[in-house]
Number of protein chains: 2
Amino acid sequence: MRPKNLEKEEAIRTIALQIIAEEGLENLTMQKLAKAANISPRTIYIKYRDKEDLLIKLFIEEVLEPYEKAVLENFHAGMDFATGIKKLWQNSFRYLSRNRTHFALLRNGKTSPLLNKAYQQANIEQGQYFKPIQQFFKQQEKQGMIRNFHQDIYSALLFAPLLELVSEYFDYTERPRQIITEKVILDCCETVIRGMLK
Amino acid sequence: MRPKNLEKEEAIRTIALQIIAEEGLENLTMQKLAKAANISPRTIYIKYRDKEDLLIKLFIEEVLEPYEKAVLENFHAGMDFATGIKKLWQNSFRYLSRNRTHFALLRNGKTSPLLNKAYQQANIEQGQYFKPIQQFFKQQEKQGMIRNFHQDIYSALLFAPLLELVSEYFDYTERPRQIITEKVILDCCETVIRGMLK
DNA sequence: GCAAAGTAAGTAAATGTTTGTTTACTTATA
DNA sequence: TATAAGTAAACAAACATTTACTTACTTTGC
């Protein structure tokens, strides 16, 4: 039996992410992808059931899970509040700023009904993503370190600005000077933390 | 000469926004839209050059500009920091929570290359959107009220959480109890303000 | 050891369907 | 009656997916 060519599978994923980042999710077509990856359209269907299957696997396996892993590196639910949040911001910024195409697809997770549904489902089936962060919030709340909010509200207040800053980071790569540096990220992080402390 | 039927033009816009909100931007087709609006596809082309033209006008004229107007209502660049930010949050939350379909398209402004490009261009041609907010930040900075950041960074820190909270507001309309109330929004706003003050 | 059979991976080209848009015609009002 | 608004049906192009075939590797029988 002829063995699978893993390079081709990787080319499919990498080039799909590139097309999405450059032309948007709505402009990714199977035939365009095949041509760009220098393979036959049929080859994509050997590795993925259909386009939905490809997009969902790309989103969950190629982007969301590696991102989660990167964000949680050296993070523990027992950390003190400021240290923990700073670690999460730093991990997140480093990963996303170095993986432009991953960030581009990640952003589509909220607007694309297909990806959003896939995320909700995987979140239930695989166990919650970013679980240690939820535990971290619970502990901080119990210790009386931070103001009392619902879990989902903590995420909005503490992480939405970071993703917006990453977005601006990429906007500024096309301009003369980058304003979003790791130092700026840390300053912003401290600003966000200060608001949240009791 | 037969006069334009303005109801039909409005139906096109309203129903396009509905389809986008329920099925996503990528699932809006001209034929689906015509059928849902009970008109011939040709009628859409009397009012819009092509699909791009429709989407861009929908985004800029139907969503972005009314949103800007609502956000800036009773806001002045001379307000003190906390009062100004609270007014912006309140205006924004009221408008978006009552206009689900507008919010849905607004979110696509970042991920869709077509809409993003249209926004950049309109921002230059029409004069900057949300200009009073930029002036407000400049004044606050000059008065030494807030920490020194680039203009774009203020937006990220002060408004990204709000849009995320609106997103959660709509997620929670499908659950037993709404957690994002106007009071919660105000609490969150104060948290964000506190972090930003010197 | 080794060749030939077996098999899934892979290709080029075609399939039917859906898409944005237009054609040829009808309708309603100034 | 003149004319733009509007319709139903059709158009070509683009789309996801499949068909019919070839390729390259593993396994098996000697």
Side-chain angles (χ1 to χ4, degrees), chain A residues 1-62 105 108 111-115 117-118, chain B residues 1-60 62 105 108 112-115 117-118:
Chain A
M1 180 180 107
R2 184 176 178 175
K4 279 197 187 185
N5 186 339
L6 291 177
E7 280 172 37
K8 281 181 184 163
E9 177 138 23
E10 196 176 319
I12 292 172
R13 297 192 175 215
T14 306
I15 289 171
L17 286 173
Q18 272 172 29
I19 294 174
I20 292 168
E22 269 137 45
E23 305 176 40
L25 188 56
E26 67 271 32
N27 289 310
L28 176 74
T29 73
M30 299 301 258
Q31 294 181 98
K32 190 190 278 184
L33 172 57
K35 205 167 197 176
N38 239 313
I39 53 167
S40 159
R42 185 69 178 77
T43 305
I44 305 174
Y45 287 87
I46 292 168
K47 294 159 197 302
Y48 303 94
R49 188 168 27 80
D50 52 24
K51 196 183 179 184
E52 272 201 27
D53 186 45
L54 166 64
L55 286 177
I56 290 172
K57 286 199 171 126
L58 215 53
F59 179 62
I60 301 282
E61 294 172 12
E62 200 73 4
L105 181 52
N108 280 280
T111 47
S112 154
L114 173 69
L115 297 184
K117 201 182 136 204
Chain B
M1 179 180 108
R2 183 176 178 176
K4 278 198 187 187
N5 186 338
L6 291 178
E7 281 173 37
K8 281 182 183 163
E9 177 137 22
E10 194 175 321
I12 292 172
R13 296 192 176 216
T14 307
I15 289 170
L17 286 173
Q18 271 171 29
I19 293 174
I20 292 168
E22 269 138 46
E23 305 177 40
L25 187 58
E26 67 270 33
N27 289 311
L28 175 74
T29 73
M30 299 302 260
Q31 295 182 89
K32 190 189 278 183
L33 172 56
K35 205 166 196 176
N38 239 315
I39 54 168
S40 159
R42 184 68 177 73
T43 305
I44 304 174
Y45 287 87
I46 291 169
K47 296 160 196 302
Y48 303 94
R49 188 169 26 81
D50 52 22
K51 195 184 179 186
E52 272 201 28
D53 185 46
L54 166 64
L55 286 178
I56 289 172
K57 285 196 172 129
L58 215 54
F59 179 61
I60 301 283
E62 200 73 5
L105 181 52
N108 280 281
S112 154
L114 173 68
L115 297 184
K117 201 181 136 203

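If you're wondering where the values come from, they're calculated on a predicted model, not measured in any experiment. Both backbone and side-chain heavy atoms feed into the values below; hydrogens, waters and symmetry mates do not. Here is the naming used below: chain letters follow the sequence lines, and residue numbers restart at 1 for every chain.
Around atom NZ of K47(A), more than 12 heavy atoms belonging to other residues, nucleotides or ligands sit under 6.0 Å away. Around atom NZ of K35(A), no more than 12 heavy atoms belonging to other residues, nucleotides or ligands sit under 6.0 Å away. Within a 6.0 Å sphere centred on CD of E10(B), other residues, nucleotides and ligands contribute 12 heavy atoms or fewer.
Nearer to the 5' terminus of DNA chain D, by closest-nucleotide assignment, is the contact made by N27(A) (compared with the other of S40(A) and N27(A)). Along DNA chain C, the nucleotide nearest to P3(B) and the one nearest to P41(B) differ in position, and the one closer to the 5' end is contacted by P41(B).
For I46(A), counting side-chain heavy atoms from C-beta on, the closest listed nucleotide (dT29(C), dT11(C), dT17(D)) is dT11(C). Across dG20(C), dT7(D), dA16(D), the shortest atom-to-atom separation from the side chain of Y45(A) is found for dA16(D).
Look at K47(B) and you'll find a side-chain N or O under 4.0 angstrom from OP1 or OP2 of dG6(D). In terms of phosphate contacts, T43(B) brings a side-chain nitrogen or oxygen within less than 4.0 Å of OP1 or OP2 of dT7(D). Between K8(A) and dT11(C), a side-chain N or O to OP1/OP2 separation shorter than 4.0 Å is present.
Remark: P of dA8(C) and CZ of R42(A) are 13 Å apart, rounded to the nearest angstrom. In this structure, K35(B) places its NZ atom 11 Å from P of dT18(C), rounding to the nearest Å. As a whole-Å value, the separation of L6(A) CG from dA8(C) P is 17 Å. Whole-Å rounding puts the N38(A) CG to dG10(C) C1' distance at 13 Å. Taking atom NZ on K51(B) and atom P on dT19(C), their separation rounds to 9 Å, with Å as the unit. Separating the CG atom of L33(A) from the P atom of dT17(D) is a distance of 12 Å, rounded to the nearest angstrom. For D50(B) and dA14(D), the CG to C1' distance is 16 Å, given to the nearest whole Å. Atoms CG (L28(B)) and P (dT21(C)) sit 12 Å apart, rounded to a whole Å.
Counting all heavy atoms, side chain and backbone alike, A118(A) lies closest to I60(A) at O-CD1, 4.0 Å.
Between the side chain of K57(A) and the backbone N or O of E62(A) there is no donor-acceptor pair closer than 3.5 Å.
Across all strands, I44(A) comes closer than 4.0 Å to no nucleic acid atom at all (heavy-atom distances).
At a cut-off of 3.5 angstrom, counting only N and O atoms as typed in the model, there is a donor on one side and an acceptor on the other between the side-chain of Q31(A) and the base of dA16(D).
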